[in-house]
Amino acid sequence: MPELPEVETVRRGLEPILVGNAFARVEQRRPDLRFPLPKHFAERLSGRKVEALDRRAKYLLARLDDGEVLVMHLGMTGRFSIDRANGEASAPGRFAHPIADAQKHEHIVFHLGDGTAVRYSDTRRFGLMDLVPAQKLESHALFKGLGIEPLSKSFTPKWLAQKLRGKATSTKAALVDQRLIAGLGNIYACEALFRAHVSPLRLAGSLATRSGKPTAKTAALVAAVKAVLEEAIKAGGSSLRDYKRADGSLGDFQHRFKVYGREGKKCLTIGCSGTVRRIVQGGRSTFYCPACQR
DNA sequence: AAGAACTCCTGTTGGC
DNA sequence: TGCCAACAGGAGTTCT
């Protein structure tokens, strides 16, 4: 579910709770998520203090005081909620979930020294957690092939054109390929393509000239990717298929989708009379306007 | 070797 | 109402 903006929002929500605090006790309610949890997971975490909470692509990285890194990925349905010592529950990063779901699919609970409980629930269990020594993080199977951070200075039209040169796949498939760009997912890829007026079906290689230089479309696409991610982070991410909470703790960006989920509706590009279409690429829905995205 | 299909898992939704 | 197929924000593994 969560793409880069949602993971970043969760990170910002958890950071003040976790950093500087220690795990007093960790409850592990099943042996695995998507993969088996590491050996002695709960024991290895207990007593460890969190020194920093970082994000790489869609991964959260809790740096521990023994040199290990608690690596966490939310998959499609992974969520954290915070139980304050006073009993008040809330979701960090404004991602809430129904209570019943939280109970049934709550797989791991981190009890902090100050009495706060950080609960991880994950209905479909596509998420993962692992413990990796900090110095081995880069070479870890999950990280060694990861692509560029799209919000970094290094993600430029020139960089993208070089990478896409000669690629026979679709531009949409290239955008969601984590080995190229790390953190973009289905929704924001659709939204970025729409903003840049680039067709998701366009041959990725056509975004570079024969000599590997960026085209105007490449530049527009890079700018659109950065803009949509930045705006979504500012809005606290997007909340889909979530129950509304009384405290209003949900992301807002879902209300600003221009194409995602708008099949059959009028294209929102000024001056365009097209209609948004849904097609399937790589087994996932792509929404776009055939009239103004070329 | 690149690219696409399949797979994991559970829940919701829409059509008949 | 029930049943069943399609779909859901991801990505590693297995095919061609």
Side-chain angles (χ1 to χ4, degrees), chain A residues 1-10 30-37 55-60 71-80 91 93-107 121-130 140-147 163-192 200-201 203-205 228-229 232-233 235-243 250-257 259-264 278-287:
Chain A
M1 216 175 206
E3 302 183 34
L4 188 154
E6 289 73 37
V7 177
E8 178 60 24
T9 302
V10 170
R30 53 174 302 128
D32 56 358
L33 293 172
R34 179 176 185 188
F35 301 114
L37 288 157
R55 178 189 60 75
R56 168 76 171 109
K58 300 172 192 171
Y59 291 92
L60 289 170
V71 174
M72 299 173 280
H73 193 293
L74 305 176
M76 292 278 263
T77 54
R79 282 161 199 163
F80 283 102
R94 309 152 81 192
F95 292 95
H97 53 265
I99 298 302
D101 182 78
Q103 299 285 350
K104 186 172 174 190
H105 297 292
E106 193 171 274
H107 307 307
S121 71
D122 188 347
T123 306
R124 292 174 73 180
R125 296 202 308 279
F126 287 170
L128 70 87
M129 291 194 193
D130 200 1
H140 191 280
L142 295 168
F143 292 88
K144 65 170 184 257
L146 270 187
K163 286 290 181 182
L164 296 186
R165 187 181 180 186
K167 281 240 173 274
T169 191
S170 70
T171 301
K172 162 74 184 303
L175 285 185
V176 299
D177 184 345
Q178 302 299 296
R179 296 166 302 181
L180 290 174
I181 304 171
L184 263 195
N186 200 41
I187 291 179
Y188 297 107
C190 289
E191 293 295 316
L201 296 166
L203 198 69
V228 76
L229 293 177
I233 290 172
S238 308
S239 304
L240 264 50
R241 282 170 283 281
D242 273 313
Y243 282 74
L250 293 171
D252 294 328
F253 200 75
Q254 66 278 13
H255 303 303
R256 298 198 223 158
F257 293 163
V259 277
Y260 189 83
R262 296 194 65 249
E263 181 182 20
R278 186 183 82 90
I279 58 173
V280 175
Q281 290 180 290
R284 322 196 66 82
S285 291
T286 297
F287 297 88

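Below, chain A is the first sequence line, B the second, and so on; all start at residue 1.
Rounded to a whole angstrom, the distance from the P atom of C:dA6 to that of B:dC6 is 13 Å.
Aromatic ring orientation, A:Y188 versus A:F253: tilted (interplanar angle from 30° to 60°).
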Which nucleotides of DNA chain C pair, in dot-bracket form (Watson-Crick or G-U under 3.5 Å, | meaning another strand): .|||||||.|||||||

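For A:H73, no side-chain nitrogen or oxygen approaches OP1 or OP2 of C:dG10 to under 4.0 Å. The shortest distance between the side-chain N/O atoms of A:S285 and the OP1/OP2 oxygens of C:dA8 is below 4.0 Å. Between A:K104 and B:dG11 there is a side-chain polar atom (N or O) within less than 4.0 angstrom of OP1 or OP2. Note on A:H105: every side-chain N or O is 4.0 Å or more away from OP1 and OP2 of B:dC9.
Between A:L33 atom CG and B:dT10 atom P the separation is 12 Å, expressed in whole Å. Atom pair A:N186:CG and C:dA8:C1' shows a separation of 10 Å (rounding to whole Å applied). As rounded to whole Å, 8 Å separates atom C1' of C:dA11 from atom CZ of A:F35. Rounding to whole angstrom units, CZ of residue A:R125 and P of C:dG10 are separated by 19 Å. Spacing between atom CG of A:D177 and atom P of C:dG10 amounts to 13 Å, rounded to whole angstrom units. Rounded to a whole Å, the NZ atom of A:K144 is 12 Å from the C1' atom of C:dG12. Between A:R56 atom CZ and C:dG10 atom P there is a gap of 16 Å when expressed in whole angstrom units.
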Please determine whether side chain to side chain contact (heavy atoms under 4.5 Å, CB included) holds for the pair A:L37 and A:R30, giving the CA-CA distance in whole Å, both sets of side-chain angles, and the decisive distance to 0.1 Å. CA-CA 9 Å; A:L37 288 157; A:R30 53 174 302 128; 5.6 Å; no

Passes side chain to side chain contact (heavy atoms under 4.5 Å, CB included), A:T169 versus A:D177? Steps please. CA-CA 11 Å; A:T169 191; A:D177 184 345; over 6 Å; no

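When the nucleotides B:dC9, B:dG11, C:dC7 are ranked by their closest atom to the side chain of A:T123, B:dG11 comes out on top.
Among residues two or more places apart in sequence or in another chain, the salt bridge (charged side-chain N to carboxylate O under 4.0 Å, His left out) test is passed with A:R256 by none.
If you check distances only, the side chain of A:R124 does reach the base of B:dC9 with a donor-acceptor pair under 3.5 Å.
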Every protein N/O within reach of nucleotides 3-7 of chain B N/O, cut-off under 3.5 Å:
{"unit_1": "B:dG3", "atom_1": "OP1", "unit_2": "A:A168", "atom_2": "N", "d": "2.7"}
{"unit_1": "B:dG3", "atom_1": "OP2", "unit_2": "A:K167", "atom_2": "NZ", "d": "3.3"}
{"unit_1": "B:dA4", "atom_1": "OP2", "unit_2": "A:T169", "atom_2": "OG1", "d": "2.9"}

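Counting non-hydrogen atoms under 4.0 angstrom, A:Y188 reaches nothing in the nucleic acid. No contact: A:F257 has no heavy atom under 4.0 Å from any strand.
Remark: aromatic rings of A:F287 and A:F257 are distant, center separation not under 6.0 Å.
Checking side-chain atoms of A:E6 against main-chain N and O of A:E3 turns up a donor-acceptor pair under 3.5 Å. Checking side-chain atoms of A:H107 against main-chain N and O of A:H105 turns up a donor-acceptor pair under 3.5 Å. Put simply, the side chain of A:Q254 gets close to the backbone of A:S239: a donor and an acceptor are under 3.5 Å apart.
Side-chain contact of A:R124 with A:T77: a donor-acceptor pair under 3.5 Å is absent, judged by distance alone.
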